[in-house]
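Ligands are counted one by one from 1 in listed order, and the atoms in each one are counted from 1 as well.
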Amino acid sequence: MPFPIHRLRRLRATESLRGLVRETHLHPGQFILPLFVCPGEGVRREIGAMPGNYQLSIDELVKECADVHSLGVGGVILFGLPEIKDELASGAYDDAGIVQRAIRAIRQETPRLLVVTDVCNCEYTSHGHCGFVKDGDVDNDATLDWLAKSAVSHARAGADMVAPSDMMDGRVGAIRRALDAAGFAGTPILSYAAKFASVFYGPFREAADSAPQFGDRRSYQMDPANGREAMREIALDLEEGADIIMVKPAMPYLDLIAMARQRFDVPIAAYQVSGEYSMIVAAARNGWLDHDRAMMESLTSIARAGAGIILTYFAKPAARLLG
Ligand code: PBG
(Lines give C-alpha, C1' and ligand atoms only; values in the text may rest on other atoms or scores of the structure.)
Protein backbone atom coordinates (compact mmCIF):
# COMPACT_ATOMS: atom_id res chain seq x y z
CA MET A 1 0.00 0.00 0.00
CA PRO A 2 1.68 3.25 -1.12
CA PHE A 3 -0.15 5.52 1.33
CA PRO A 4 0.90 6.70 3.91
CA ILE A 5 4.52 6.29 2.69
CA HIS A 6 4.00 8.08 -0.62
CA ARG A 7 2.64 11.60 -0.26
CA LEU A 8 2.93 13.55 -3.51
CA ARG A 9 1.81 16.68 -1.71
CA ARG A 10 5.24 16.91 0.02
CA LEU A 11 6.80 18.41 -3.08
CA ARG A 12 3.93 20.85 -3.58
CA ALA A 13 4.16 22.52 -0.20
CA THR A 14 6.12 25.68 -1.11
CA GLU A 15 6.92 27.61 -4.25
CA SER A 16 10.61 26.74 -3.88
CA LEU A 17 9.83 23.02 -3.83
CA ARG A 18 7.38 23.38 -6.70
CA GLY A 19 9.98 25.30 -8.68
CA LEU A 20 12.58 22.63 -8.01
CA VAL A 21 10.49 19.83 -9.46
CA ARG A 22 8.81 21.79 -12.26
CA GLU A 23 9.10 19.86 -15.50
CA THR A 24 8.21 22.51 -18.06
CA HIS A 25 9.69 25.99 -18.29
CA LEU A 26 8.67 28.67 -20.73
CA HIS A 27 11.07 31.26 -22.04
CA PRO A 28 10.43 34.27 -24.33
CA GLY A 29 12.95 33.02 -26.88
CA GLN A 30 10.65 30.16 -27.83
CA PHE A 31 7.77 32.46 -28.80
CA ILE A 32 7.12 33.79 -32.29
CA LEU A 33 4.67 36.68 -32.59
CA PRO A 34 2.41 36.89 -35.66
CA LEU A 35 2.20 40.44 -37.07
CA PHE A 36 -0.04 41.93 -39.76
CA VAL A 37 1.42 44.53 -42.09
CA CYS A 38 -0.81 46.84 -44.14
CA PRO A 39 -0.36 49.75 -46.58
CA GLY A 40 -0.15 53.36 -45.45
CA GLU A 41 1.79 55.33 -42.89
CA GLY A 42 1.19 55.76 -39.19
CA VAL A 43 -1.49 53.03 -39.30
CA ARG A 44 -2.06 51.11 -36.07
CA ARG A 45 -5.56 49.66 -36.42
CA GLU A 46 -6.71 47.36 -33.66
CA ILE A 47 -8.26 44.08 -34.84
CA GLY A 48 -11.79 43.91 -33.42
CA ALA A 49 -11.82 40.18 -32.73
CA MET A 50 -8.25 40.13 -31.42
CA PRO A 51 -7.84 42.92 -28.85
CA GLY A 52 -4.21 43.90 -28.37
CA ASN A 53 -3.30 42.99 -31.97
CA TYR A 54 -3.06 45.48 -34.80
CA GLN A 55 -2.81 45.93 -38.52
CA LEU A 56 0.39 47.93 -38.78
CA SER A 57 1.85 50.01 -41.59
CA ILE A 58 5.54 49.38 -42.22
CA ASP A 59 6.74 52.33 -40.09
CA GLU A 60 4.64 51.14 -37.14
CA LEU A 61 5.65 47.52 -37.72
CA VAL A 62 9.30 48.48 -37.45
CA LYS A 63 8.66 50.09 -34.04
CA GLU A 64 6.70 47.06 -32.91
CA CYS A 65 9.55 44.77 -33.93
CA ALA A 66 12.04 46.78 -31.91
CA ASP A 67 9.74 46.39 -28.90
CA VAL A 68 9.34 42.66 -29.51
CA HIS A 69 13.11 42.23 -29.84
CA SER A 70 13.82 44.11 -26.62
CA LEU A 71 11.49 41.74 -24.74
CA GLY A 72 13.59 38.78 -25.85
CA VAL A 73 10.80 37.25 -27.95
CA GLY A 74 12.23 34.65 -30.34
CA GLY A 75 10.97 36.23 -33.54
CA VAL A 76 8.04 37.42 -35.61
CA ILE A 77 6.05 35.88 -38.44
CA LEU A 78 4.70 38.30 -41.00
CA PHE A 79 1.32 38.32 -42.75
CA GLY A 80 0.62 40.88 -45.46
CA LEU A 81 -2.46 42.85 -46.45
CA PRO A 82 -1.73 43.92 -50.01
CA GLU A 83 -3.05 47.07 -51.68
CA ILE A 84 -4.84 45.05 -54.32
CA LYS A 85 -5.95 41.45 -54.55
CA ASP A 86 -6.37 39.60 -57.84
CA GLU A 87 -7.01 36.15 -59.28
CA LEU A 88 -3.30 35.45 -59.57
CA ALA A 89 -2.21 36.54 -56.06
CA SER A 90 0.30 38.86 -57.73
CA GLY A 91 1.02 40.70 -54.49
CA ALA A 92 2.31 37.51 -52.86
CA TYR A 93 5.42 37.10 -55.01
CA ASP A 94 6.09 40.72 -55.99
CA ASP A 95 9.57 41.83 -54.88
CA ALA A 96 7.98 45.20 -54.07
CA GLY A 97 5.05 43.57 -52.22
CA ILE A 98 3.97 44.59 -48.73
CA VAL A 99 5.75 41.76 -46.90
CA GLN A 100 8.91 42.06 -48.98
CA ARG A 101 9.13 45.79 -48.19
CA ALA A 102 8.38 45.12 -44.54
CA ILE A 103 11.20 42.59 -44.27
CA ARG A 104 13.70 45.08 -45.69
CA ALA A 105 12.54 47.78 -43.28
CA ILE A 106 12.79 45.48 -40.23
CA ARG A 107 16.24 44.30 -41.36
CA GLN A 108 17.46 47.90 -41.29
CA GLU A 109 16.21 48.68 -37.79
CA THR A 110 16.46 45.35 -35.96
CA PRO A 111 18.89 43.25 -37.99
CA ARG A 112 19.12 40.52 -35.35
CA LEU A 113 15.40 39.90 -34.91
CA LEU A 114 14.35 36.55 -36.41
CA VAL A 115 11.94 37.25 -39.27
CA VAL A 116 9.79 34.39 -40.52
CA THR A 117 7.30 34.83 -43.33
CA ASP A 118 4.00 33.07 -43.85
CA VAL A 119 3.95 31.74 -47.39
CA CYS A 120 0.37 31.55 -48.62
CA ASN A 121 -1.93 33.16 -51.15
CA CYS A 122 -5.23 33.66 -49.34
CA GLU A 123 -4.43 37.26 -48.34
CA TYR A 124 -3.57 38.06 -51.98
CA THR A 125 -6.32 36.40 -54.02
CA SER A 126 -9.55 38.22 -54.82
CA HIS A 127 -11.51 35.08 -53.86
CA GLY A 128 -9.60 34.45 -50.61
CA HIS A 129 -8.57 30.89 -51.39
CA CYS A 130 -5.00 29.72 -50.82
CA GLY A 131 -4.19 29.09 -54.47
CA PHE A 132 -5.15 29.16 -58.13
CA VAL A 133 -8.85 28.36 -58.47
CA LYS A 134 -9.88 26.15 -61.37
CA ASP A 135 -13.38 24.68 -61.72
CA GLY A 136 -14.38 25.84 -58.25
CA ASP A 137 -11.44 24.25 -56.40
CA VAL A 138 -7.82 25.11 -55.70
CA ASP A 139 -5.50 23.62 -58.32
CA ASN A 140 -2.63 22.04 -56.42
CA ASP A 141 0.18 21.94 -58.94
CA ALA A 142 -0.47 25.36 -60.45
CA THR A 143 -0.33 26.85 -56.95
CA LEU A 144 3.13 25.37 -56.22
CA ASP A 145 4.73 27.82 -58.62
CA TRP A 146 3.26 30.84 -56.79
CA LEU A 147 4.40 29.48 -53.45
CA ALA A 148 7.92 28.85 -54.68
CA LYS A 149 8.12 32.36 -56.15
CA SER A 150 6.82 33.89 -52.90
CA ALA A 151 9.32 32.00 -50.77
CA VAL A 152 12.22 33.08 -52.99
CA SER A 153 11.11 36.72 -52.97
CA HIS A 154 10.87 36.62 -49.15
CA ALA A 155 14.36 35.15 -48.90
CA ARG A 156 15.67 37.74 -51.34
CA ALA A 157 14.20 40.50 -49.17
CA GLY A 158 16.04 39.07 -46.17
CA ALA A 159 13.67 36.64 -44.42
CA ASP A 160 15.42 34.23 -42.03
CA MET A 161 12.94 31.42 -42.61
CA VAL A 162 9.84 30.75 -44.71
CA ALA A 163 6.68 29.06 -43.42
CA PRO A 164 4.27 27.65 -46.01
CA SER A 165 0.70 27.45 -44.63
CA ASP A 166 -1.27 26.64 -47.78
CA MET A 167 -1.48 22.81 -47.41
CA MET A 168 -0.86 22.04 -51.08
CA ASP A 169 0.73 18.62 -51.65
CA GLY A 170 4.39 18.80 -52.60
CA ARG A 171 4.86 22.42 -51.65
CA VAL A 172 7.79 21.91 -49.28
CA GLY A 173 9.74 20.14 -52.03
CA ALA A 174 8.82 22.80 -54.59
CA ILE A 175 9.89 25.59 -52.24
CA ARG A 176 13.13 23.79 -51.30
CA ARG A 177 14.11 23.34 -54.95
CA ALA A 178 13.29 26.96 -55.80
CA LEU A 179 15.22 28.33 -52.82
CA ASP A 180 18.24 26.19 -53.62
CA ALA A 181 18.18 27.18 -57.28
CA ALA A 182 18.01 30.86 -56.33
CA GLY A 183 21.03 30.66 -54.03
CA PHE A 184 19.13 30.31 -50.74
CA ALA A 185 20.17 26.78 -49.79
CA GLY A 186 20.69 28.09 -46.26
CA THR A 187 17.13 29.35 -45.75
CA PRO A 188 15.17 26.92 -43.55
CA ILE A 189 11.54 25.90 -44.07
CA LEU A 190 9.13 25.82 -41.16
CA SER A 191 6.29 23.77 -42.56
CA TYR A 192 2.71 24.08 -41.35
CA ALA A 193 2.72 20.31 -41.77
CA ALA A 194 -0.41 19.32 -39.86
CA LYS A 195 -2.78 22.22 -40.39
CA PHE A 196 -6.44 21.57 -39.78
CA ALA A 197 -9.54 23.15 -41.31
CA SER A 198 -10.37 24.86 -38.04
CA VAL A 199 -13.10 27.22 -36.90
CA PHE A 200 -10.49 28.75 -34.57
CA TYR A 201 -8.98 30.71 -37.48
CA GLY A 202 -12.08 32.95 -37.47
CA PRO A 203 -10.57 36.06 -35.88
CA PHE A 204 -7.45 35.81 -38.07
CA ARG A 205 -9.54 36.14 -41.20
CA GLU A 206 -10.67 39.54 -39.98
CA ALA A 207 -7.05 40.44 -39.15
CA ALA A 208 -5.69 39.36 -42.53
CA ASP A 209 -8.85 40.01 -44.55
CA SER A 210 -8.51 36.50 -45.95
CA ALA A 211 -11.91 34.81 -45.61
CA PRO A 212 -12.74 32.67 -48.65
CA GLN A 213 -15.48 34.32 -50.73
CA PHE A 214 -17.07 30.96 -51.58
CA GLY A 215 -16.87 27.51 -50.04
CA ASP A 216 -14.30 26.67 -47.39
CA ARG A 217 -10.80 25.24 -47.08
CA ARG A 218 -11.74 21.63 -46.43
CA SER A 219 -10.42 20.37 -49.77
CA TYR A 220 -6.87 21.32 -48.72
CA GLN A 221 -6.69 21.75 -44.93
CA MET A 222 -6.99 18.63 -42.79
CA ASP A 223 -10.10 17.07 -41.26
CA PRO A 224 -9.99 17.72 -37.47
CA ALA A 225 -10.83 14.07 -36.89
CA ASN A 226 -7.59 12.71 -38.38
CA GLY A 227 -4.52 12.08 -36.25
CA ARG A 228 -2.83 9.31 -38.22
CA GLU A 229 -3.10 11.39 -41.38
CA ALA A 230 -1.41 14.26 -39.52
CA MET A 231 1.62 12.02 -38.87
CA ARG A 232 1.69 11.16 -42.57
CA GLU A 233 1.61 14.86 -43.51
CA ILE A 234 4.55 15.49 -41.17
CA ALA A 235 6.55 12.54 -42.49
CA LEU A 236 6.04 13.68 -46.10
CA ASP A 237 7.04 17.27 -45.34
CA LEU A 238 10.22 16.03 -43.67
CA GLU A 239 11.01 13.86 -46.68
CA GLU A 240 10.55 16.92 -48.88
CA GLY A 241 13.02 18.88 -46.79
CA ALA A 242 11.14 20.66 -44.01
CA ASP A 243 13.49 21.78 -41.21
CA ILE A 244 10.84 22.43 -38.57
CA ILE A 245 7.32 21.04 -38.57
CA MET A 246 4.23 22.62 -37.06
CA VAL A 247 0.90 21.50 -35.68
CA LYS A 248 -1.93 24.03 -35.94
CA PRO A 249 -4.09 24.91 -34.00
CA ALA A 250 -2.36 24.02 -30.73
CA MET A 251 -4.61 23.40 -27.73
CA PRO A 252 -7.31 21.37 -29.49
CA TYR A 253 -4.52 19.21 -31.00
CA LEU A 254 -2.19 18.61 -28.03
CA ASP A 255 -2.43 14.86 -28.62
CA LEU A 256 -0.88 15.33 -32.05
CA ILE A 257 1.91 17.55 -30.75
CA ALA A 258 2.75 14.80 -28.25
CA MET A 259 2.50 12.08 -30.89
CA ALA A 260 4.76 14.01 -33.26
CA ARG A 261 7.25 14.63 -30.42
CA GLN A 262 7.55 10.87 -29.88
CA ARG A 263 7.88 9.98 -33.53
CA PHE A 264 10.04 12.67 -35.11
CA ASP A 265 13.42 13.88 -33.88
CA VAL A 266 13.09 17.36 -35.37
CA PRO A 267 12.15 20.71 -33.87
CA ILE A 268 8.38 20.98 -33.42
CA ALA A 269 6.37 24.18 -33.46
CA ALA A 270 2.73 24.72 -32.55
CA TYR A 271 0.53 27.66 -33.51
CA GLN A 272 -1.78 28.91 -30.79
CA VAL A 273 -4.17 30.44 -33.31
CA SER A 274 -6.33 33.53 -33.26
CA GLY A 275 -9.45 31.81 -31.89
CA GLU A 276 -7.50 30.26 -29.04
CA TYR A 277 -6.20 33.72 -28.16
CA SER A 278 -9.53 35.47 -28.52
CA MET A 279 -11.39 32.95 -26.36
CA ILE A 280 -9.08 33.60 -23.44
CA VAL A 281 -9.08 37.36 -23.88
CA ALA A 282 -12.88 37.45 -24.18
CA ALA A 283 -13.38 35.37 -21.06
CA ALA A 284 -10.91 37.54 -19.18
CA ARG A 285 -12.70 40.71 -20.30
CA ASN A 286 -15.91 39.30 -18.93
CA GLY A 287 -14.24 38.60 -15.63
CA TRP A 288 -14.70 34.86 -16.10
CA LEU A 289 -11.01 33.90 -16.26
CA ASP A 290 -7.80 35.41 -14.98
CA HIS A 291 -6.03 36.61 -18.14
CA ASP A 292 -2.42 36.02 -17.12
CA ARG A 293 -2.97 32.65 -15.53
CA ALA A 294 -5.05 31.39 -18.47
CA MET A 295 -2.37 32.64 -20.87
CA MET A 296 0.48 30.94 -19.01
CA GLU A 297 -1.41 27.69 -18.42
CA SER A 298 -2.33 27.45 -22.10
CA LEU A 299 1.28 28.10 -23.19
CA THR A 300 2.62 25.65 -20.62
CA SER A 301 0.28 22.93 -21.87
CA ILE A 302 1.53 23.41 -25.43
CA ALA A 303 5.17 23.25 -24.34
CA ARG A 304 4.50 20.23 -22.09
CA ALA A 305 2.89 18.40 -25.01
CA GLY A 306 6.20 18.75 -26.85
CA ALA A 307 6.32 21.98 -28.83
CA GLY A 308 9.65 23.74 -28.39
CA ILE A 309 8.51 26.69 -30.50
CA ILE A 310 5.16 28.41 -29.99
CA LEU A 311 3.60 30.87 -32.39
CA THR A 312 1.35 32.95 -30.17
CA TYR A 313 -0.42 36.31 -30.00
CA PHE A 314 0.48 36.28 -26.30
CA ALA A 315 4.20 36.54 -27.05
CA LYS A 316 4.60 40.06 -25.65
CA PRO A 317 2.53 39.82 -22.46
CA ALA A 318 3.93 36.36 -21.73
CA ALA A 319 7.51 37.55 -22.27
CA ARG A 320 6.85 40.49 -19.93
CA LEU A 321 5.49 38.17 -17.27
CA LEU A 322 8.45 35.81 -17.58
CA GLY A 323 10.64 38.87 -17.09
C1 PBG B 1 -3.09 31.41 -44.15
C2 PBG B 1 -3.12 31.28 -42.68
C3 PBG B 1 -4.21 31.22 -41.80
C4 PBG B 1 -3.70 31.21 -40.51
C5 PBG B 1 -2.32 31.24 -40.63
N6 PBG B 1 -1.98 31.25 -41.97
C7 PBG B 1 -5.67 31.27 -42.07
C8 PBG B 1 -6.35 30.16 -42.74
O9 PBG B 1 -5.77 29.13 -43.08
O10 PBG B 1 -7.54 30.34 -42.98
C11 PBG B 1 -4.51 31.20 -39.25
C12 PBG B 1 -3.82 31.79 -38.05
C13 PBG B 1 -4.72 32.15 -36.91
O14 PBG B 1 -5.92 31.85 -36.87
O15 PBG B 1 -4.18 32.77 -35.99
N16 PBG B 1 -3.45 30.33 -44.88
Geometric N/O contact Glu123 with ligand 1, under 3.5 angstrom: no
Return a yes/no value for Ser210: is any of its N or O atoms, backbone included, closer than 3.5 angstrom to an N or O of ligand 1? no
Filtering Glu206, Glu276, Arg217 for the heavy atom nearest atom 8 (C) of ligand 1 leaves Arg217
Among Phe196, Tyr220, Phe204, Tyr277, whose heavy atom sits nearest atom 12 (C) of ligand 1? Phe204
Can Gln272 and Ser298 be counted as having a side-chain donor-acceptor contact under 3.5 angstrom? yes
Around Gln108, counting heavy atoms of other residues, nucleotides and ligands shown, do more than 12 lie under 6.0 Å from its CD? no
Enclosure of Glu41 CD (heavy-atom neighbours >12, cutoff 6.0 Å): no
Is there a path from Val99 to Trp146 through hydrophobic residues (I, L, V, M, F, W, Y) whose side chains come within less than 4.5 Å of each other? no
Ser274 side chain vs Phe200 backbone, donor-acceptor pair below 3.5 Å: yes
Please identify which atoms of ligand 1 are closer than 4.0 Å to at least one heavy atom of [X].
{"X": "Cys122", "value": "1 (C), 16 (N)"}
{"X": "Gln221", "value": "8 (C), 9 (O)"}
{"X": "Tyr271", "value": "12 (C), 15 (O)"}
{"X": "Ser165", "value": "1 (C), 2 (C), 6 (N), 16 (N)"}

Within reach of ligand 1, part of Asp118 (heavy-atom separation under 4.0 Å): side chain
Within 45° cone and under 6.0 Å: Arg44 NZ/CZ vs Tyr54 ring: yes
Starting from [atom], find the nearest protein heavy-atom neighbour and note its residue, name and distance.
{"atom": "atom 16 (N) of ligand 1", "answer": "Lys195 NZ, 3.1 Å"}
{"atom": "atom 10 (O) of ligand 1", "answer": "Arg205 NH2, 2.6 Å"}
{"atom": "atom 4 (C) of ligand 1", "answer": "Lys248 NZ, 2.6 Å"}
{"atom": "atom 14 (O) of ligand 1", "answer": "Ser274 OG, 2.7 Å"}

Ala303 and Leu26 have their tightest heavy-atom pair at CB-CD2, 3.7 Å
Parallel, tilted or perpendicular for Phe314 and Tyr277, by the 30°/60° rule? tilted
Heavy-atom side-chain contact between Phe214 and His127 under 4.5 Å: yes
